[in-house]
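Everything on this sheet refers to the single structure shown next.
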2 protein chains.
Amino acid sequence: MTEERTRAGTYPRYPLVENRTQARIMALVHAEARPSSRGQITEALDVSRSKVSGEVSRLMELGLLAEEGLAESDGGRRSTLLSIPRSAGLIAAIDLGATSIDVALTTLGGEIVARKGEPADIKDGPKPILRRVKEMLGELVEEQGTHPDEVLGIGVGVPGPVEQAAGVLRSPPIMPGWDRFPIRSAFAGEYAAPVFVDNDVNVMALGEHWGGVGRGVDNLLFIKVGTGIGGGIIADGRLYRGTQGCAGDIGHICVDPNGPVCTCGNLGCLEAMAGAPAIVLEAERRAREGRSPVLAEILEEKGELTAVDVGRAAGLGDYEALQVVRRSGRLIGQVLATLVSVLNPSLIVIGGGVSQIGHSFLAEIRSAVYRRSLPLATRNLPIVLSELENDAGIVGASVLAAEGVLTVPS
Amino acid sequence: MTEERTRAGTYPRYPLVENRTQARIMALVHAEARPSSRGQITEALDVSRSKVSGEVSRLMELGLLAEEGLAESDGGRRSTLLSIPRSAGLIAAIDLGATSIDVALTTLGGEIVARKGEPADIKDGPKPILRRVKEMLGELVEEQGTHPDEVLGIGVGVPGPVEQAAGVLRSPPIMPGWDRFPIRSAFAGEYAAPVFVDNDVNVMALGEHWGGVGRGVDNLLFIKVGTGIGGGIIADGRLYRGTQGCAGDIGHICVDPNGPVCTCGNLGCLEAMAGAPAIVLEAERRAREGRSPVLAEILEEKGELTAVDVGRAAGLGDYEALQVVRRSGRLIGQVLATLVSVLNPSLIVIGGGVSQIGHSFLAEIRSAVYRRSLPLATRNLPIVLSELENDAGIVGASVLAAEGVLTVPS
DNA sequence: AAAAATCTGTCAAAACTATTGACAAACTAT
DNA sequence: ATAGTTTGTCAATAGTTTTGACAGATTTTT
């Protein structure tokens with residue numbers, strides 16, 4: 001009777017669990033991100049030891065859990081540790097950036113098994129981009145010697161607002177052709193696994209909350225600073241998406257009504273004044289005006305500057321480069337000060353390419369936030385760099401999909 | 001066996017319900033704010049008809065539900081409607097403003113039974129204020145011919161950030177002496193009911209979400225504009241409080257680094273530039289400068305102006321008054337535009353004394369928001385005035401307490 | 001080194017919870 | 001009137017969870 005619902009090569013089933021208790025157990029083990037004992041689960045879920053034991057046995061039968069060594073003794077018999085084994089299945093984690101594709105295979109437990117990344121222009125439109133994504137995923141699957149059916153869930157982060165119900169982008173500003181494109185069905189032929197789509201910054205926030213500096217932090221704000229600027233909000237432990245899925249979209253907050261034109265068409269958006277292109281533009285201007293020999297030299301050599309170049313120059317002590325970096329940090333900090341008043345988070349995590357530009361960038365953000373926010377809200381408010389760095393998107397996409405397939409619908 | 005747990009004069013018990021299903025039924029009936037049938041409950045809760053029937057019988061035994069007439073027929077036997085009767089017990093709803101005390105008795109179902117309000121200065125400190133609150137509550141209880149033990153829960157809204165775990169204020173800017181004052185225990189002698197404390201604006205948001213324009217709206221932003229300016233956030237159907245309980249505290253967002261000094265000590269806070277005192281100050285200045293004969297006349301007569309006076313003058317077509325009103329609306333709208341980008345709500349509700357100042361105030365807020373926010377987020381974003389007006393705080397305090405006593409701890 | 005205490009994991013019996021299906025009551029529509 | 005619906009209840013059945021007992025494993029105490 002139980003036998004006929006055992007795994008036995010019948011990939012994939014969705015949802016993977018059979019009842020709410022199993023879902024809660026899996027969610028807990030997944031959330032822990034390290035082996036847990038039956039005792040820990042019993043305590044956390046507030047059900048009886050025998051109940052946990054029984055459901056754990058069933059989950060082991062299903063292949064979703066495996067015993068893995070013993071814990072240190074706590075004054076009695078040592079407890080056996082449980083974890084989500086590689087053999088439970090894999091998650092395809094896909095991170096689409098404005099200029100890049102990153103694809104990875106991770107275990108259901110969130111461990112990265114293999115990954116591939118390459119530059120790409122999202123503006124090419126959904127069909128060629130998704131074709132390439134599927135190629136890359138196929139290569140990974142092949143290289144790992146697995147079968148597409150072993151992929152239990154697919155998580156996708158995309159650089160635009162996602163309507164959750166349908167899993168489609170809505171009016172993405174930088175992604176012509178993607179509006180309402182049915183991303184989910186793109187995988188339908190080759191993969192039977194369910195597809196979970198969300199905004200890339202939301203996904204990164206999820207990743208950082210699950211396995212980065214934000215582990216266990218109930219109210220956190222993740223800010224991505226790259227070509228674009230965006231935010232992801234974890235409120236009371238859950239990702240908050242907003243009505244149209246564009247909550248946290250802080251890149252187009254107006255910081256200067258007389259500022260430059262933004263890609264969105266408005267004037268003086270944060271993104272247009274503090275994002276990577278703005279940093280480069282401002283640095284190039286100062287280089288051309290002969291104010292910074294260091295920047296001018298790099299510009300001379302390479303023909304163009306990058307945000308990283310500017311950061312490096314600032315790190316070497318170039319005054320003008322430092323000013324450019326600081327200006328970006330200050331503007332972002334000003335907006336963050338407002339967000340702190342509104343959201344009262346207990347942690348702010350800064351990620352994205354520009355976040356690695358140097359210490360003075362973070363320092364300037366911090367000083368702007370602390371200067372302008374209410375003392376109560378900033379009293380214990382760390383503002384730190386992302387721990388996962390380039391993996392945040394991949395890890396988050398994996399978490400998105402894993403949580404999705406491990407949830408019982410009800 | 002069941003008998004001994006029946007009501008029978010043993011007020012109060014907390015929690016009022018016996019299990020999760022009962023809690024869910026009561027929460028649903030309470031949330032509906034109008035009589036529901038067993039069939040509706042069955043559908044909404046996804047349990048069997050007989051289960052609902054059984055638990056409803058028990059809840060009627062406990063006195064928490066009562067049959068109340070029949071619904072229209074839906075093509076068959078008419079269903080009997082269930083509601084929370086007055087006899088189930090009462091909730092004490094308390095709304096402490098910066099300059100006022102409002103106390104009410106409501107049914108557990110949220111209907112206002114009786115209320116009292118009077119001016120008071122919160123700065124007098126917790127002891128005299130809470131003494132007066134208890135006197136007023138005692139008068140209401142007496143006038144209604146009830147007994148203090150019939151009060152099942154006490155909900156309190158206070159104008160400062162509230163740490164939920166302890167139910168105490170933390171560093172309230174305008175409430176000297178209230179920091180960490182144990183509000184809950186103030187009621188301990190006379191009332192056995194549990195006390196639920198929260199920020200006044202959060203409480204108003206709760207009220208508007210339960211029984212005002214925000215009914216059924218999952219993501220809403222409630223903005224109170226009075227002496228102070230604050231916001232309450234309903235995210236995914238739940239009140240979001242933030243880490244220290246000061247989420248939504250938008251009054252001290254800096255809108256002009258060169259602006260006037262705020263009560264909080266910083267410069268150019270929204271509150272200091274667009275709140276009632278700012279409106280009055282600006283209007284008086286213009287009156288004194290002789291730019292507005294209308295305002296000057298009122299000022300002459302009464303010796304001072306109020307925000308309502310300014311609104312009335314604006315309504316009569318006085319140009320200067322209108323400019324003052326608009327300036328406040330525009331500044332608030334600018335901040336709201338940011339909040340819209342961050343929270344992507346589906347509704348903004350404006351309440352508080354100043355919200356009644358005239359149509360041009362709301363019009364200016366709307367125009368500022370629509371001008372500055374992303375089109376996607378504002379496409380279907382109504383910005384409306386509070387429906388509950390002066391009752392928002394009372395209703396919200398009742399909802400806070402009712403939801404509290406009807407929740408099963410688990 | 002033995003005994004006591006403590007923690008872990010499993011099992012069967014008992015307690016509890018929820019659903020099913022039957023039925024009578026109440027209503028609409030033809 | 002009669003057929004078709006919906007409602008509310010009941011008893012039987014099915015399912016879920018806890019309880020309490022017990023054996024295994026490990027630390028602490030004597």
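Order of the sequence lines fixes the chain letters, A, B, ..., with proteins taken first and strands second; residue numbering starts at 1 for each chain.
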With a 4.0 Å cut-off on heavy atoms, is [X] in touch with a base, just the backbone sugar-phosphate, or nothing at all?
{"X": "B:S37", "result": "nothing"}
{"X": "B:S73", "result": "sugar-phosphate"}
{"X": "A:S79", "result": "sugar-phosphate"}
{"X": "A:S57", "result": "nothing"}

Expressed in angstrom and rounded to an integer, what is the separation of [X] atom [atom1] from [N] atom [atom2]?
{"X": "A:I25", "N": "C:dG9", "atom1": "CD1", "atom2": "P", "value": "13 Å"}
{"X": "B:R77", "N": "C:dC23", "atom1": "CZ", "atom2": "P", "value": "17 Å"}
{"X": "B:E18", "N": "C:dT17", "atom1": "CD", "atom2": "C1'", "value": "14 Å"}
{"X": "B:L81", "N": "D:dT6", "atom1": "CG", "atom2": "P", "value": "17 Å"}
{"X": "B:M60", "N": "D:dG8", "atom1": "CE", "atom2": "C1'", "value": "10 Å"}
{"X": "B:D46", "N": "C:dA18", "atom1": "CG", "atom2": "P", "value": "12 Å"}
{"X": "A:R49", "N": "D:dA21", "atom1": "CZ", "atom2": "P", "value": "13 Å"}
{"X": "A:K51", "N": "C:dG9", "atom1": "NZ", "atom2": "C1'", "value": "16 Å"}

Side-chain N or O of B:S50 less than 4.0 angstrom from OP1 or OP2 on C:dT19?
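Negative; the distance criterion is not met.
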What's the closest nucleotide to the A:T80 side chain, out of C:dA18, C:dG9, D:dT17?
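In terms of side-chain proximity for A:T80, the closest of C:dA18, C:dG9, D:dT17 is C:dG9.
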Nearest to the side chain of A:S48, heavy atoms from C-beta on, is which of D:dT19, D:dT9, C:dT17?
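So the nucleotide nearest the side chain must be D:dT19.
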Given that A:L70 and A:N19 both sit by DNA chain D, which one's nearest nucleotide is further toward the 5' end?
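Mapping each residue to its closest nucleotide by heavy atoms, the 5'-most match is A:N19.
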Please confirm whether any donor atom in the side chain of A:R38 sits under 3.5 Å from an acceptor in the base of C:dG9, or the reverse.
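No pair found.
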Tell me whether A:R78 contacts the main-chain N or O of A:E72 through its side chain, where contact means a donor paired with an acceptor under 3.5 Å.
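Checking the backbone N and O of A:E72 against the side chain of A:R78, no donor-acceptor pair under 3.5 Å is found.
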Check whether the side chains of A:N380 and B:Q244 place a donor and an acceptor atom closer than 3.5 Å, and report yes or no.
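Looking only at side-chain atoms, B:Q244 and A:N380 do not form any donor-acceptor pair under 3.5 Å.
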Between the side chains of A:R38 and A:S79, is a donor N or O closer than 3.5 angstrom to an acceptor N or O?
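No.
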Within the supplied structure, the quantity of interest is the number of heavy atoms (other residues, nucleotides, ligands) at a distance under 6.0 Å from A:Q144 CD; does it exceed 12?
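Yes.
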Which nucleotide, if any, forms a Watson-Crick or G-U wobble pair with C:dT30, using both distances under 3.5 Å?
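Looking at the geometry, C:dT30 pairs with D:dA1.
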When you compare the side chain of B:L65 with that of B:I25, does any pair of heavy atoms fall below 4.5 Å?
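Touching, per the 4.5 Å side-chain cut-off.
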